[in-house]
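Below, chain A is the first sequence line, B the second, and so on; all start at residue 1.
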2 protein chains.
Amino acid sequence: MDYKDFKKQYAATATDISRDVFFKNQGVMRIKKEKTAVTNLSKIFEAVFSITYNKGYQAMSMRDLSLKTGMSLGALYAYFPGKDELLAIMQTQAQAMVKGTLVKFSNAHKNPLEKLRSVIKAHIFLSELFRPWFYFTFMEARNLTPKGFDAVKSIEEHTQKIISDILVEGEETGVFKPGKHDLTACMIKAMQQEWYLKRWKYTKQKISVDQFTDHLLDMVEGFCRI
Amino acid sequence: MDYKDFKKQYAATATDISRDVFFKNQGVMRIKKEKTAVTNLSKIFEAVFSITYNKGYQAMSMRDLSLKTGMSLGALYAYFPGKDELLAIMQTQAQAMVKGTLVKFSNAHKNPLEKLRSVIKAHIFLSELFRPWFYFTFMEARNLTPKGFDAVKSIEEHTQKIISDILVEGEETGVFKPGKHDLTACMIKAMQQEWYLKRWKYTKQKISVDQFTDHLLDMVEGFCRI
DNA sequence: GTCTATACACAGATAGAC
DNA sequence: GTCTATCTGTGTATAGAC
């Protein structure tokens, strides 16, 4: 599976995300028509990413957001109760996306080696497809309430455990060396994150997501396989 | 060399940093007495780290800083011209520390393998010794002016090149496998950063800086050595 | 649903007494 | 060197017309 295959298989778009957010947050949104809501939520998210990429969420003012979306301040507040809540909504959405995808790709294979490859690839490819969401989640995690920050940590531990479980399973079936699988899983996650945290570097060096992923897999297999 | 050895050898403290900042920025500081300046700069930096760790620099108000340091607003402005400039001063200082240390440890050995180990270790140990500085630099880099952000990128590329040069040299002398050394260097940097970006994880799992470093070196050597 | 106008809190920064 | 008091701009958020 390369990135192109993944995109076909996954087939989610920015619109799908906005629709998801709309249905999950109908309780707090004053907008009732799905089509209007989805269109404008997409505009809002895009604007948030574009503004915060260079200066962070706290530095983004509601007036910035109003200007970038072309919507008035009053209109914006019909889509979310306040600036803090918008952040929380976006973070929750991003977490749901990651959790769902990894479980799906982890169950797609039986063989531990294939499983490991599949999970590592799926995470990187997902982060490529929804890069702004991933970057945003990482960088703005600490602007959340303590409870929200705990949720982010919990996702991190969850995805780490998916990987270390595969390593343990592989050790038992004799394809992976024994070792500190928890630490290895942490390192793998660190390298995966590199892809969306330092994107400027790879754009500059003209390294594609497939090249990056293959290199990561080479390193991991070089270290783990018997 | 383990972390304990490094600390002895390096022997820098928070006070040394403040003194360094004082001498480098005498032009913009209204304080003239070294002792007063060093004491209060240390208080200021510590307060900045403590406040921004949970909410970022932009969200820290000068009143927060005044409260935490126990200094008045007026007093604070005698130490730096403005909030933005304080950020710039701190970033510049952090960059100088990294650059100086890596060059020093890279030149401490001739053998590429020893060199690689030394540089990787030095970076992690330095980030452990001045953890708040490293975390702060990474997380607040994008709050800088474009010029300041370029400086951060340039440091990143510089340290990456130190590593990839060692890998190339090792390939030539026959100790390392051929490969995409630039990409490998990026991965190594990603794993090094993991140590100070996700410190909560390792505190929780009770993993020491020496254990972490050894594991990273095992992975790198497993992949690179012939 | 979306707009304009505005309330009101709090930000960064400075002046001038001590 | 440090303080208190204060200026002025900008922030989030809302009310009410359309």
Enquirer: When the C1' atoms of the five terminal pairs at each end define the local axes, what inter-axis angle does the helix from C:dG1-D:dC18 to C:dC18-D:dG1 show, to 10 degrees?
Expert: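 Computed from the C1' atoms at both ends, the axes differ by 0°.
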Enquirer: Under 3.5 Å, is there a donor on one side chain and an acceptor on the other for B:E194 and B:Y202?
Expert: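 Yes, because at least one side-chain N or O of B:E194 sits under 3.5 Å from a partner of the opposite role on B:Y202.
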Enquirer: Are B:F125 and B:Y3 close enough that their ring centres sit under 6.0 Å apart?
Expert: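 When the ring centroids of B:F125 and B:Y3 are compared, they turn out to be within the sub-6.0 Å range.
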Enquirer: Return whichever of A:D84 or B:K33 has its heavy-atom-nearest nucleotide of DNA chain D closer to the 5' end.
Expert: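 Its nearest nucleotide being more 5', the pick is B:K33.
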Enquirer: Describe the nucleic acid contact of A:Y79 in one word from base, sugar-phosphate, nothing, applying a heavy-atom distance below 4.0 Å.
Expert: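 Sugar-phosphate only.
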Enquirer: Output every pair passing side-chain hydrogen bond (donor to acceptor under 3.5 Å, both in side chains) with a member in residues 143-155 of chain B, not counting sequence neighbours, ordered by first then second residue.
Expert: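 Every pair satisfying side-chain hydrogen bond (donor to acceptor under 3.5 Å, both in side chains) with a residue in residues 143-155 of chain B: B:E140-B:N143.
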Enquirer: Using distance only, find each side-chain donor-acceptor pair of residues 72-81 of chain B under 3.5 Å and give its atom names and separation, not counting sequence neighbours.
Expert:
residue, atom, partner, partner atom, Å
B:S72, OG, B:A75, N, 3.1
B:Y79, OH, B:N40, ND2, 2.6

Enquirer: Any sub-3.5 Å donor-acceptor pair from A:K99's side-chain atoms to A:H158's backbone N or O?
Expert: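 It does not hold such a pair.
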Enquirer: Within the 4.0 Å heavy-atom criterion, would you say A:M29 contacts the bases, only the backbone, or no part of the nucleic acid?
Expert: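 The residue A:M29 makes no contact with any strand.
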Enquirer: Does any residue of residues 87-94 of chain B have a heavy atom under 4.0 Å from DNA chain C, and if so, which ones, in number order?
Expert: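 Within this stretch, nothing sits under 4.0 Å of the strand.
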Enquirer: Counting N and O atoms only, with roles assigned by atom type, does the side chain of B:N25 sit under 3.5 Å from a partner on the main chain of B:V28, one being a donor and the other an acceptor?
Expert: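 No: the side chain of B:N25 does not pair with the backbone of B:V28.
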Enquirer: Between C:dA11 atom P and B:I51 atom CD1, what is the distance in whole Å?
Expert: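 Result: 12 Å.
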Enquirer: For A:E157, run the side chain to side chain donor-acceptor pair (under 3.5 Å) check against B:Q205, B:K204, B:K201 and tell me which one passes.
Expert: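 Answer after filtering B:Q205, B:K204, B:K201: B:K204.
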Enquirer: With a strict under 4.0 Å distance from non-hydrogen atoms of chain B, what nucleotide opens and what nucleotide closes the contacted stretch of DNA chain D, reading 5' to 3'?
Expert: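 Counting from the 5' end, contacts occupy D:dG1 to D:dT6.
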Enquirer: With a non-hydrogen cut-off below 4.0 angstrom, is B:S61 in contact with a base, only sugar-phosphate, or nothing?
Expert: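 B:S61: backbone/sugar contact only, no base atoms under 4.0 Å.
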Enquirer: Whole Å only: how far is the OH atom of A:Y77 from the P atom of C:dT4?
Expert: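 Taking atom P of C:dT4 as the reference, OH of A:Y77 is at 16 Å.
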Enquirer: Would you mind reading off the distance between B:R63 atom CZ and C:dA9 atom C1', rounded to a whole angstrom?
Expert: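 From B:R63 CZ to C:dA9 C1': 11 Å.
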Enquirer: To the nearest Å, give me how far apart CG (B:L86) and P (C:dA11) are.
Expert: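 Going from B:L86 (CG) to C:dA11 (P), I get 16 Å.
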Enquirer: Rounded to whole angstroms, how far apart are NZ on A:K83 and P on C:dA11?
Expert: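 Rounded to the whole Å, the gap is 13 Å.
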Enquirer: Examine B:F6 together with B:F105 and report whether their ring centres are nearer than 6.0 Å.
Expert: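 When the ring centroids of B:F6 and B:F105 are compared, they turn out to be within the sub-6.0 Å range.
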Enquirer: Is it true that B:D16 and B:T13 share a donor-acceptor pair across their side chains at a distance under 3.5 Å?
Expert: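 Indeed, the side chains of B:T13 and B:D16 share at least one donor-acceptor pair under 3.5 Å.
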Enquirer: Just to verify, what does B:E46 make a salt bridge (Lys or Arg N to Asp or Glu O under 4.0 Å) with, not counting sequence neighbours?
Expert: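 Per chain and number, B:E46 pairs via salt bridge (Lys or Arg N to Asp or Glu O under 4.0 Å) with no residue.
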Enquirer: Rounding to a whole Å, what distance do you find between A:M71:CE and C:dT4:P?
Expert: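 In whole Å, C:dT4 P lies 13 Å from A:M71 CE.
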Enquirer: Within 45° of the six-membered ring axis of A:Y135 and under 6.0 Å from that ring's centre, is NZ or CZ of A:K198 located there?
Expert: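 A:K198 over A:Y135 ring: no.
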Enquirer: Quickly work out the A:L76 CG to C:dT4 P distance and round it to whole Å.
Expert: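 To the nearest whole Å, that distance equals 12 Å.
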